[in-house]
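Here's the structure we're looking at; comments come further down.
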Amino acid sequence: MPARKRRKQVLCWRLLLGSSVLILLMGIIFISVGFLVPKKKEVIDIQEDLEIIDRVYQAFNKDLDIFKIVGIVLFCVGGLIMAGVFVALTLIWRNRGEDPLSSEEIPLTGTELHQDNGPNATMDVKVPATEELTTVQPKRVDPDEVVMTNAGLCKIP
């Protein structure tokens, strides 16, 4: 994939992710304002079983409820966009074998200098088959030594 096209795709994904985070934060702010600003009393006075209602306070309380609803909608939309971006990233780039947000400029240093001493090492590092092997077990001093086994006491040959 050309580097220019790749940069455009990464920029598009980051723009979508950034806008979803912004919408999510706006939703949190709207919800906070809706719940943290105290409601005002709509009833000003009661005269002979009649309540006198202030229409401005009633509209203010209604606006606070609208703030709560808009905040919840923004929060949900931002979360859905963010989830969609993450799902799309995993589905699109899973088959390609590359991550769109990873940088190709990171060199893997030290892998060329490291020699493999494991079972797949070259023949120069392995022990030749003609070399003489010595035992690591100590020599037995007492020839009448016995060992306890499941069958009982057995003499060591």
Side-chain angles (χ1 to χ4, degrees), residues 1-138 149-150:
M1 178 182 301
R4 186 177 193 144
K5 185 177 179 183
R6 181 176 165 78
R7 274 187 265 148
K8 284 183 181 179
Q9 286 179 348
V10 169
L11 181 66
C12 179
W13 290 114
R14 288 184 180 170
L15 185 67
L16 279 172
L17 188 64
S19 63
S20 68
V21 168
L22 184 68
I23 292 172
L24 198 71
L25 289 176
M26 284 176 46
I28 291 172
I29 290 171
F30 272 56
I31 291 171
S32 304
V33 167
F35 278 105
L36 294 178
V37 173
K39 288 189 173 190
K40 298 189 178 187
K41 289 187 176 181
E42 298 175 2
V43 179
I44 297 173
D45 194 20
I46 299 176
Q47 294 178 352
E48 300 176 7
D49 295 335
L50 292 173
E51 295 178 343
I52 300 174
I53 297 175
D54 189 357
R55 301 275 180 202
V56 175
Y57 288 170
Q58 191 176 21
F60 179 78
N61 291 341
K62 189 175 183 180
D63 289 342
L64 283 179
D65 291 338
I66 291 174
F67 258 72
K68 292 175 194 175
I69 293 170
V70 169
I72 291 171
V73 169
L74 285 174
F75 186 79
C76 291
V77 167
L80 286 174
I81 292 174
M82 186 182 295
V85 166
F86 288 140
V87 167
L89 275 174
T90 56
L91 292 179
I92 289 172
W93 273 277
R94 181 177 55 177
N95 296 334
R96 292 188 184 178
E98 64 179 71
D99 185 14
L101 300 178
S102 69
S103 63
E104 296 173 355
E105 292 81 25
I106 299 175
L108 298 175
T109 59
T111 56
E112 301 84 22
L113 303 175
H114 177 67
Q115 270 189 336
D116 188 16
N117 293 333
N120 296 331
T122 61
M123 287 300 292
D124 298 336
V125 180
K126 290 183 180 177
V127 176
T130 58
E131 189 167 325
E132 186 178 323
L133 300 175
T134 59
T135 62
V136 291
Q137 294 291 329
T149 62
N150 288 338

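Quick caveat: nothing in here was measured; it's all calculated off a predicted structure.
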### Query
Is there a side-chain contact between D65 and K39, using heavy atoms and a 4.5 Å cut-off?
yes
### Distance-minimising heavy-atom pair for K40 and N61
O-ND2, 2.7 Å
## Note on the structure
Note: S20 and G78 closest approach over all heavy atoms is CB-O, 3.6 Å
### Query
Between I46 and I52, is a side chain to side chain contact (heavy atoms under 4.5 Å, CB included) present by the stated rule, with each step listed?
CA-CA 6 Å; I46 299 176; I52 300 174; over 6 Å; no
### Query
CG/L17 to SG/C12 distance, rounded to the nearest 0.5 angstrom?
11.0 Å
### Task
First locate atom CG of L36, then atom CG of L64, and finally report the distance between them rounded to the nearest 0.5 Å.
10.5 Å
## Note on the structure
Separation between OG (S32) and NZ (K68), nearest 0.5 Å, reads 12.0 Å
### Task
Enter the distance from L16:CG to L89:CG here, rounded to the nearest 0.5 Å.
9.0 Å
### Task
With rounding to the nearest 0.5 Å, note down the distance linking CD1 in I23 to CG in L74.
7.0 Å
### Task
Sort and list the pairs that fulfil ring pair (Phe, Tyr, Trp, His ring centres under 6.0 Å) and have at least one residue in residues 23-75, not counting sequence neighbours.
F30-F67
### Query
At what distance, to the nearest 0.5 angstrom, does CD1 of I81 lie from CG of L22?
10.5 Å
### Task
Using side chain to side chain contact (heavy atoms under 4.5 Å, CB included) as the criterion, list what pairs up with I53, not counting sequence neighbours.
E42, Q58
